[in-house]
Number of protein chains: 2
Amino acid sequence: MTTVSSLTYEDLGSAAQRDRRRRILDATVTLASRGGFDAVQMRAVADQADVALGTLYRYFPSKIHLLVSALAQQFEETEATLGRRTIPGDDPADRVTYVLTRATRGLQREPHLTEALTRAFMFADSTVSGEIRVVGRRLTSMLTRALQGDQYVEDTEPTDREIAVARVISDVWLASLVAWVTGRITAEQVTERLETAVELILR
Amino acid sequence: MTTVSSLTYEDLGSAAQRDRRRRILDATVTLASRGGFDAVQMRAVADQADVALGTLYRYFPSKIHLLVSALAQQFEETEATLGRRTIPGDDPADRVTYVLTRATRGLQREPHLTEALTRAFMFADSTVSGEIRVVGRRLTSMLTRALQGDQYVEDTEPTDREIAVARVISDVWLASLVAWVTGRITAEQVTERLETAVELILR
DNA sequence: TCTGCAACTGAAACGTGTTTCTATTATGCC
DNA sequence: GGCATAATAGAAACACGTTTCAGTTGCAGA
């Protein structure tokens, strides 16, 4: 149950170190986009990021830590790009569906990357719980924001019900993504399942 | 996307072969109960089952196939024991909650085994889709049966809505199990989350 | 019973995640 | 600038999943 944590951007003192961290995460995303989970090989990441293998492990204590950190970073980037925009839709169900559809379309464009990040997220053990929590929080907050709609700009705390709804929907989303990246369902079916779930919970 | 399948009980001609398969799955469950996913090492399984490593791989083409097959077997055993009994509860929500609570309590008694099987299930890639489907079907049928209640004895086909509800609930269940086995939430929280989800969907 | 084929054994070897260790380089402090 | 310390490089070694293969055993059909 012991947690081992990756070095975060804030942990790193010098610009050179922050640059190393960035290079490592960039290499990870590049390799993952190209060949998925299996293509993210620690030696290959180290090579491409131009750091020694030992250094890579100093920054990220395992392949799973590395990939989950890459996932967190991808989330950050997404939020930075379209995070402040108002979510279209007149009621919570519409807004949630909008966010989910849009996100799913984005993931669909990078199937290998999605496979790598999703599988790492699901396979993470207790030593990765810190990083996992970060991603989980981002996910639910993205959904509670969609549930609240414009009220969000006032930074309203989500209600218990909103949190519960967000959790269920993110559970369905993750399960559907796993099913998609393992070829059990198509991308369209992912969207269908999400819409059905939203229907069941919010209508 | 190519599927590679494990040898099923039906595939095996001789009694000696069926016995080998049983010994392998027994060894898997024993090791998993003792030390979880990491303790299920292919050499150790082969040793304990008294077969050569190559034979183990002939029966189950990977560790994940092996563990997911063990999961399918556990399901079968559970269904055989209490499969025909009527599920108590006056409405679908009560019956589903009953089944979930009971199952969760069972899993709680074998945390290492649950960790091993759950993680294998979530980590499975496209080559395991056959075995995964078997387990997925069992899961949803367990839940649709609870939704239908006594009607089930008439072998009524579940409605689309029932199937959709069952899917959402099994998604929540799996996500909660993963969170539990990785130490992010307690077993009580698993039950809480399931009850909340049932509440949201069925009330 | 004999024969041929499929299954099994035992062991070696390979791939990749992870650990470890020594030499070298960068960094902060006097 | 010189020094102590931490960070990094580079490479070897280990662990475990997986593959391979030569020899042996078990078994169905002639």
Side-chain angles (χ1 to χ4, degrees), chain A residues 2 4-9 11-24 27-28 31-32 34-70 116 119-120 123-125 127-128, chain B residues 2 4-9 11-24 27-28 31-32 34-70 116 119-120 123-125 127-128:
Chain A
T2 314
V4 187
S5 58
S6 316
L7 296 178
T8 65
Y9 185 84
D11 290 334
L12 297 168
S14 79
Q17 286 179 316
R18 283 197 281 268
D19 197 57
R20 265 190 211 96
R21 193 187 123 100
R22 187 192 51 70
R23 289 205 310 274
I24 291 172
T28 303
L31 289 168
R34 193 135 56 219
F37 187 88
D38 291 340
V40 181
Q41 301 186 356
M42 298 306 268
R43 289 171 181 84
V45 172
D47 274 3
Q48 175 145 350
D50 216 28
V51 299
L53 189 56
T55 305
L56 172 54
Y57 273 96
R58 248 185 60 78
Y59 280 68
F60 301 96
S62 79
K63 173 170 172 170
I64 301 293
H65 283 84
L66 174 61
L67 282 166
V68 175
S69 300
R119 292 185 64 203
F123 192 60
D125 66 11
T127 68
V128 200
Chain B
T2 315
V4 187
S5 58
S6 317
L7 296 178
T8 65
Y9 184 84
D11 290 333
L12 298 168
S14 79
Q17 286 178 317
R18 283 196 282 267
D19 197 57
R20 265 189 212 100
R21 194 188 122 100
R22 188 193 50 70
R23 290 205 309 275
I24 291 171
T28 303
L31 289 169
R34 194 136 57 221
F37 188 87
D38 291 339
V40 180
Q41 300 186 357
M42 298 305 268
R43 289 172 181 85
V45 172
D47 275 3
Q48 175 144 351
D50 216 27
V51 300
L53 189 55
T55 305
L56 172 53
Y57 274 94
R58 249 183 62 77
Y59 280 68
F60 300 96
S62 78
K63 174 169 172 172
I64 301 292
H65 283 85
L66 175 59
L67 282 165
V68 175
S69 299
R119 292 183 64 203
F123 192 60
D125 67 10
T127 67
V128 200

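Letters A, B, ... mirror the listed sequences (proteins, then strands); counts begin at 1.
- Taking the side-chain contact (heavy atoms from CB on, under 4.5 Å) definition, one finds that A:Ala32 meets it with A:Val40, A:Leu113, A:Ala116, sequence neighbours left out.
- Contact check for A:Arg22 versus A:Tyr9: no side-chain heavy atoms found under the 4.5 Å cut-off.
- Closest to the B:Arg58 side chain, of the nucleotides C:dA7, C:dT19, C:dT9, is C:dA7.
- Between the NZ atom of A:Lys63 and the P atom of C:dT16 there is a distance of 9 Å, given to the nearest Å.
- B:Asp47 places its CG atom 13 Å from the C1' atom of C:dA11, with the value rounded to the nearest Å.
- At least one donor-acceptor pair under 3.5 Å links the side chain of A:Lys63 to the backbone N or O of A:Phe37.
- Remark: side-chain polar atoms of A:Arg21 are not paired, donor with acceptor, to backbone N or O of A:Tyr59 under 3.5 angstrom.
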A correct 5'-to-3' footprint of nucleotides 20-30 of chain C, with B, S and - meaning base, sugar-phosphate only and no protein heavy atom under 4.0 Å, is -----------
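- Residues forming a side-chain contact (heavy atoms from CB on, under 4.5 Å) with A:Ala49 (at least two apart in sequence, or on another chain): A:Arg23, A:Ile24, A:Ala27, A:Val51.
- In the 5' to 3' direction, nucleotides of DNA chain D lying under 4.0 Å from heavy atoms of chain A begin and end at D:dA7 to D:dA13.
- Contact check for B:Thr127 versus B:His65: side-chain heavy atoms found under the 4.5 Å cut-off.
- For the pair A:Arg119/B:Asp125, a side-chain contact is recorded, criterion being any heavy-atom separation below 4.5 Å from C-beta on.
- No side-chain heavy atom of A:Gln48 sits less than 4.5 Å from a side-chain heavy atom of A:Thr28.
- Checked against salt bridge (Lys or Arg N to Asp or Glu O under 4.0 Å), A:Asp47 has no partners two or more places apart in sequence or in another chain.
- Residues B:Leu7 and B:Phe60 approach most closely at O-CE2, 4.5 Å, considering heavy atoms.
- Near DNA chain D, meaning a heavy atom under 4.0 Å away, the residues from residues 34-45 of chain B are B:Val40, B:Gln41, B:Met42, B:Arg43.
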